[in-house]
K.L.:
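Just passing along the structure, written as C-alpha cells.
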Amino acid sequence: MGLGAFARAHTAVFTEDAMLATGSADWGIIGVTQRSDTVARQLAPQDGLFSVAERGTGAAPLRVVSSIVEAISGKDRPDAVVDRIAAETTKVVTLTVTEKGYRIDPHTGSLNTADEQVAADLAGRPPLTAVGQIARGIQKRARSGGGPLTVVSCDNLPGNGELTGNLVRAFAGALPDAESAPLLAWLGQNVTFPNTMVDRMVPATTEGDLAAVERDLGLRDEAAVVAEPFMQWVIEDKFAAERPAWERAGALFSEDVAAWEAAKLRLLNASHSMLAYLGLATGKATISGAVGEDAFRTACRLMMADDALPTISLPAGLDGDEYCGQVLERFANPALGHTTAKVGSDGSQKIGLRLLTTVNTNLETGREPRWAALAVAAWMHHVASTPASELNDPLAAELQAALPAGRTAEAVVPALLGMRSIFDPALAANTTFADLLTHWYRTIDIDGLDGLRKEIIHG
Ligand code: CS2
C-alpha cells in the first residue's frame, strides 16, 4: 500500500533481490496507490516494470525492477483493494503511506475517528484510508478463510508495527458490536504487525531524471525512481504466514527494532529536518547544499552528539559516532538532488517524532537541548515565512490560523507553541525551551546565515 518513489526503491527492490537470491519467482507485489492514481497509471502500460537509477559513489548500473505485478488505484478501485487483502494468495501487506497516512489523533495517539475519511470508512463505504482498507480487507479475509496475514509498516514512526496494529484494532473496535467482536478476535489470532526500520534516501523523480533514464535505457520510463546506493531494512521476526526471503536481500531480522527506529528517527531524520529548515531559511534548495554549509553540518553534528545520542539506547551492532558520520556523508551526496522543500514538507507530522522526544528527554534531565531547539525554531520560521497556499503540510490551515499578525520571534514562538496537536501543554509551558526557540528564531530571522555561522561555530 503506497506506491510512491520510496516503496518502489525499497520494498520492491528488496523483494526482487530476495527472489534473485533464492532463485524462486514465487512472489509478486500488488501495489496500491493512495491519494493520487498517477503511479498506477504510469505502471499499468509498463506491466509494472520500472527502473531504479542509483546516484552517488558506489552506484550500481541502472536496473529494471520486475517485482510489481499489478498496480491498483486505491481511490478508483477500493473494492479491488479489499479483495486483494482478503485473497488467500496474499501473505504480507506492506505500507509506505507517510506519517499523515495513518490518520492518528495527536492528542490520544490512536486512530482519529473524527477524521472525515476515517468516519466514512467506518460507516461502511468502500474504504479509502489505509487503516480502513486494511481493516476491511482483513474482515473479508476472516469471513472467506484467507488464512493468517502479516501487516508490515514501512514508515518512519516509532514502533510502526505496534502502532499500525493499534490503529487497525481501534478501527475494528469502532464498528458496530456485531462486526467488531468477530473481527477483533480473528485479528488477535491471525494477524501480526512486526515493527520495522526502513532507510533509503529517495527524492521525488524529476523531469531531468526521466530524461537521464531514457538516455541510459533507450526507452521512456514514466515510473523511474532515483535513489542513493545505501539501503537498509531492519525487521522484527514476527510473521503470521510466509514471507519473501528478505534476509537474503540484506534485510536484518532483529529483536531490537525499536532501538534501531529511535536511532534513525532522532539522528538521521532529525538532522534531515534540521538541514531542510535551515536550508529553506537561507536559500539552499538541496540537502547536499545545506550540509555543505559548515555551520549547518556542525549544528547537525552537535545536535546528534550532544542532544540526541544521550537519549538513545543503541541497538547491538550500531556504533553511534560512526552512524552520525555516515549520515552526514550520505546527506552530502551531490548527485541525489534531494530538495529541502521535499524533506521539509509535512513538518507538523515529523518534528514531534524526530525532535521533540529529544527535547523532552533533555529537559527532564535538566539539560538544554540547544541544537534540537534550533531545528524546531527553523521549522517555525519556515511556517511563519511561507505563504499559506504554499505550505506543504496537512495542518497548513491550522498553522496559518495560529500565526499572529506580526512575525517577530516574540509573537510567533508562543503562538506556534500553543498548537496542541504538536506541543503538549507541559512542553509549551517550559520557559527554557521557549527561550531557546525565541533566541534561535531571532537569529534566523534577523541575522540570517551570517548570524547563524557566528553563533554555531563560535558561540
Ligand atoms: C526524509 C526521509 O522526507 C523526509 O522527511 O527525512 O524520507 C528520509 O529520506 C528517509 O527516512 C531516509 O531513509
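For reference, positions follow the sequence shown, starting with 1. Heavy-atom basis, side chains included; hydrogens, waters and symmetry copies ignored. First listed ligand is number 1; within each ligand, the first listed atom is number 1.
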K.L.:
Salt bridge or not between Asp307 and Arg367? Use side-chain N to carboxylate O under 4.0 Å.
P.N.:
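A salt bridge is present here (some side-chain N lies under 4.0 Å from a carboxylate O).
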K.L.:
Salt bridge (Lys or Arg N to Asp or Glu O under 4.0 Å): which pairs involve residues 201-210, sequence neighbours left out?
P.N.:
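Salt bridge (Lys or Arg N to Asp or Glu O under 4.0 Å) check on residues 201-210 returns Arg55-Asp209, Glu207-Arg220.
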K.L.:
Using a 4.0 Å cut-off to any heavy atom of Asp199, which atoms of ligand 1 qualify?
P.N.:
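Every atom of ligand 1 under 4.0 Å from some heavy atom of Asp199: 12 (C), 13 (O).
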K.L.:
Does Phe433 have Arg370 sitting over its ring (NZ/CZ under 6.0 Å from centre, angle to axis within 45°)?
P.N.:
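No, Arg370 and Phe433 do not form such a contact.
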K.L.:
List every atom of ligand 1 that sits less than 4.0 Å from any heavy atom of His338, numbering the atoms from 1 in the order shown and giving each element.
P.N.:
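It comes down to these atoms of ligand 1: 9 (O).
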K.L.:
Could you tell me whether ligand 1 has any atom less than 4.0 Å away from a heavy atom of Gln232?
P.N.:
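Heavy atoms of Gln232 never come under 4.0 Å of ligand 1.
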K.L.:
Check whether any side-chain N or O of Gln46 sits under 3.5 Å from a backbone N or O of Glu222 as a donor-acceptor pair, and report yes or no.
P.N.:
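Confirmed, Gln46 side chain pairs with Glu222 backbone.
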K.L.:
Going by distance only, is there an N or O of Asn269 that falls short of 3.5 Å from an N or O of ligand 1?
P.N.:
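Yes - when backbone and side-chain N and O of Asn269 are compared with those of ligand 1, one distance drops under 3.5 Å.
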K.L.:
Please determine whether a side-chain nitrogen of the Lys or Arg among Arg200 and Glu54 lies less than 4.0 Å from a carboxylate oxygen of the Asp or Glu.
P.N.:
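A salt bridge is present here (some side-chain N lies under 4.0 Å from a carboxylate O).
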K.L.:
Could you tell me the residue and atom name of the protein heavy atom closest to atom 9 (O) of ligand 1, and the distance to it rounded to 0.1 Å?
P.N.:
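Here the nearest protein heavy atom works out to His272 CE1, 3.2 Å.
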K.L.:
Could you see which bit of Asn156 sits under 4.0 Å from ligand 1, with heavy atoms only: side chain, backbone, both or neither?
P.N.:
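Answer for Asn156: side chain.
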K.L.:
Closer than 4.0 Å to some heavy atom of Lys350 - which atoms of ligand 1 meet that?
P.N.:
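Heavy-atom distances to Lys350 below 4.0 Å select 3 (O), 4 (C), 5 (O).
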K.L.:
For ligand 1, is there an N or O atom under 3.5 Å from any N or O atom of Arg354?
P.N.:
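Between Arg354 and ligand 1 (N or O atoms, distance only) the closest approach is under 3.5 Å.
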K.L.:
Does Asp37 come within less than 4.0 Å of Arg41, counting only side-chain N to carboxylate O?
P.N.:
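Here Asp37 pairs with Arg41 in a salt bridge, since their nearest N and O are under 4.0 Å apart.
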K.L.:
Among residues at least two apart in sequence or on other chains, which ones pass side chain to side chain donor-acceptor pair (under 3.5 Å) with Glu162?
P.N.:
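Not a single residue meets the side chain to side chain donor-acceptor pair (under 3.5 Å) criterion with Glu162.
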K.L.:
Below 4.0 angstrom from a heavy atom of Lys264, which ligand 1 atoms are there? Numbered from 1 as shown, please.
P.N.:
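Reading through ligand 1 atom by atom, the close ones are 10 (C), 11 (O), 12 (C), 13 (O).
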K.L.:
Should Trp233 and Phe14 be marked as a ring pair (Phe, Tyr, Trp, His ring centres under 6.0 Å) after you check the CA-CA gap, both sets of side-chain angles, and the distance that decides it?
P.N.:
CA-CA 9 Å; Trp233 198 3; Phe14 268 101; 5.4 Å; yes
K.L.:
Are any of the N or O atoms of Arg330 closer than 3.5 Å to those of ligand 1?
P.N.:
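No, Arg330 has no N/O under 3.5 Å of an N/O on ligand 1.
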K.L.:
Using a 4.0 Å heavy-atom threshold (strictly under), name the region of Arg200 that reaches ligand 1: side chain, backbone, both or neither.
P.N.:
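The backbone, only.
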